[in-house]
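Take a look at the structure set out below.
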Amino acid sequence: MAGLFDLSGRTALVTGSARGIGYSLIEGLAAAGASVIVNGRRQEAVEAAVKKLQDKGYRTRGAVFDVADETAVAAAFAAFDRDGVEIGILVNNAGIQFRKPMVELELKDWQRVLDTNLTAAFIVGREAARRMIQRGYGGKIINIASLTSEAARATVAPYTAAKGGIRMLTRSMAAEWGQFDIQANAVGPGYILTEMNTALIENLEFDAWVKSSNPSGRWGKPEELAGTVVYLASEASSYVNGQVIYVDGGWLSVL
Ligand code: GCO
């Protein structure tokens with residue numbers, strides 16, 4: 001059974017993995033045996049994350065590109081091709097948050113969130129799937145969804161719309177790519193202790209709300225998401241497709 005979760009010999013690209021949830025996910029995939037590729041937009045952050053993982057003995061490289069930039073993504077994958085890097089596991093994790101009531105929201109801010117949190121998953125997923133299909137031995141795509149893929153919270157409309165889109169993009173990927181032995185699924189984190197949520201964590205009222213409206217009575221930790229991603233990246237989930245697994249302490253299951 002242990003072999004079912006072994007990712008040895010596989011290469012995983014995790015977008016937005018220089019910090020936060022993305023870094024926890026890529027560390028988990030590396031610990032399960034995968035060679036990993038750290039992605040981010042800032043060279044120094046990517047290099048620091050690569051060094052941290054290499055110091056732990058993991059096979060790691062970095063790839064600095066903006067996942068929302070179609071040209072940059074194509075160039076990054078062309079470089080992978082040149083280097084003989086075959087990405088068998090893609091985690092579309094990159095995401096930003098922008099909190100403001102819709103009536104005050106500018107279109108540019110709406111668009112920026114949708115570009116990074118939803119369109120980027122399509123752009124990077126398309127490049128990865130083209131190669132998985134061409135190679136002929138399948139692959140794994142894991143999109144990072146959110147509680148807001150199911151339920152809305154005021155002041156985060158672009159994020160919510162994008163994460164709702166991630167839920168249905170995941171199903172579209174399953175619908176089109178399942179025939180090529182590609183499994184596309186999603187992980188939906190609950191409220192997790194990350195830098196993106198610092199303003200919420202430090203807000204006593206919000207902190208109390210997170211703890212009172214969640215059966216586990218606490219925030220989740222980034223490393224608590226890694227096991228589900230390793231599962232969806234492994235042979236253990238070879239007949240799981242188009243699903244969203246919520247890692248939320250039970251939040252969505254209760255009134
Ligand atoms: C917010 C938070 C949420 C969480 C997470 C919940 O402002 O409500 O940022 O969006 O980060 O996505 O699943």
Side-chain angles (χ1 to χ4, degrees), residues 14-26 28 40-41 67-68 91-106 109-122 124 142-171 185-229 231-232 242-255:
V14 181
T15 65
S17 50
R19 60 195 180 94
I21 285 176
Y23 180 80
S24 295
L25 300 182
I26 203 165
R41 284 181 299 175
V67 293
V91 180
N92 282 310
N93 164 77
I96 56 176
Q97 181 56 284
F98 190 87
R99 303 182 180 99
K100 186 169 276 190
M102 269 191 277
V103 292
E104 299 165 24
L105 196 59
E106 293 183 52
D109 294 318
W110 165 276
Q111 199 57 61
R112 190 163 51 86
V113 175
L114 267 293
D115 288 350
T116 303
N117 293 21
L118 177 58
T119 306
F122 158 69
V124 183
I142 300 139
N143 300 316
I144 302 305
S146 159
L147 286 177
T148 57
S149 298
E150 297 286 347
R153 180 174 90 77
T155 72
V156 289
Y159 186 99
T160 302
K163 292 299 189 180
I166 282 289
R167 180 165 165 258
M168 294 314 293
L169 175 62
T170 300
R171 293 184 181 180
N185 292 286
V187 174
Y191 277 96
I192 308 293
L193 293 167
T194 59
E195 203 177 310
M196 185 175 83
N197 286 335
T198 302
L200 306 177
I201 296 161
E202 293 174 351
N203 177 313
L204 295 181
E205 191 181 339
F206 197 97
D207 175 61
W209 175 66
V210 166
K211 290 170 179 170
S212 64
S213 49
N214 164 2
S216 302
R218 64 177 175 83
W219 293 75
K221 299 185 286 273
E223 56 270 29
E224 290 184 289
L225 300 165
T228 305
V229 169
Y231 161 68
L232 289 174
Q243 301 300 311
V244 182
I245 300 179
Y246 289 97
V247 183
D248 67 353
W251 186 296
L252 283 171
S253 307
V254 299
L255 287 176

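Remember, it's 1-based here, ligands and their atoms both numbered in the order they're listed. Counting begins at 1 with the first residue of the sequence.
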TODO: Report the relative orientation of the aromatic rings in Trp251 and Tyr191; use parallel for angles under 30°, tilted for 30 to 60°, perpendicular for over 60°.
DONE: tilted
- [ ] Provide, to 0.1 Å, the distance between atom 11 (O) of ligand 1 and the closest protein heavy atom, together with that atom's residue and name.
- [x] Asn197 OD1, 3.2 Å
Open item on the list: Any side-chain to backbone donor/acceptor pair from Thr15 onto Asn93? Under 3.5 Å, distance only.
Closed with: yes
Task: Numbered atoms of ligand 1 (with element) below 4.0 Å of Ser146, judged on heavy atoms - done: 5 (C), 6 (C), 12 (O), 13 (O)
Task: Point-to-point distance, once rounded to the nearest 0.5 Å, from CD1 of Ile192 to CG of Asp248 - done: 8.5 Å
Open item on the list: To the closest 0.5 Å, what do you measure between CG (Asn143) and CZ (Arg171)?
Closed with: 12.5 Å
Task: Those atoms of ligand 1 less than 4.0 Å from some heavy atom in Arg153 - done: 1 (C), 7 (O), 8 (O)
Task: Spacing of OG1 belonging to Thr155 relative to CD belonging to Gln97, to within rounding of 0.5 Å - done: 7.5 Å
- [ ] Answer with side chain, backbone, both or neither: which part of Val156 has a heavy atom less than 4.0 angstrom from an atom of ligand 1?
- [x] side chain
Open item on the list: Quick test of your reading of the structure: of Tyr191, Tyr159, Phe98, whose heavy atom lies closest to atom 12 (O) of ligand 1?
Closed with: Tyr159
Task: Atom CZ of Arg41: over 12 foreign heavy atoms under 6.0 Å - done: no
TODO: Have a look at ligand 1 and work out which part of Thr155, if any, has a heavy atom under 4.0 Å from it: side chain, backbone, both or neither.
DONE: neither
Open item on the list: Using a 4.0 Å cut-off to any heavy atom of Pro189, which atoms of ligand 1 qualify?
Closed with: 6 (C), 13 (O)
TODO: May I ask you to identify, for Thr194, whether its side chain, its backbone, both or neither come under 4.0 Å of ligand 1 on a heavy-atom basis?
DONE: neither
Open item on the list: I need the contact type for Met196 against ligand 1. Using non-hydrogen atoms and a strict under-4.0 Å cut-off, is it side chain, backbone, both or neither?
Closed with: side chain
Task: Separation of Lys163 NZ from Asn117 CG (nearest 0.5 Å) - done: 5.0 Å
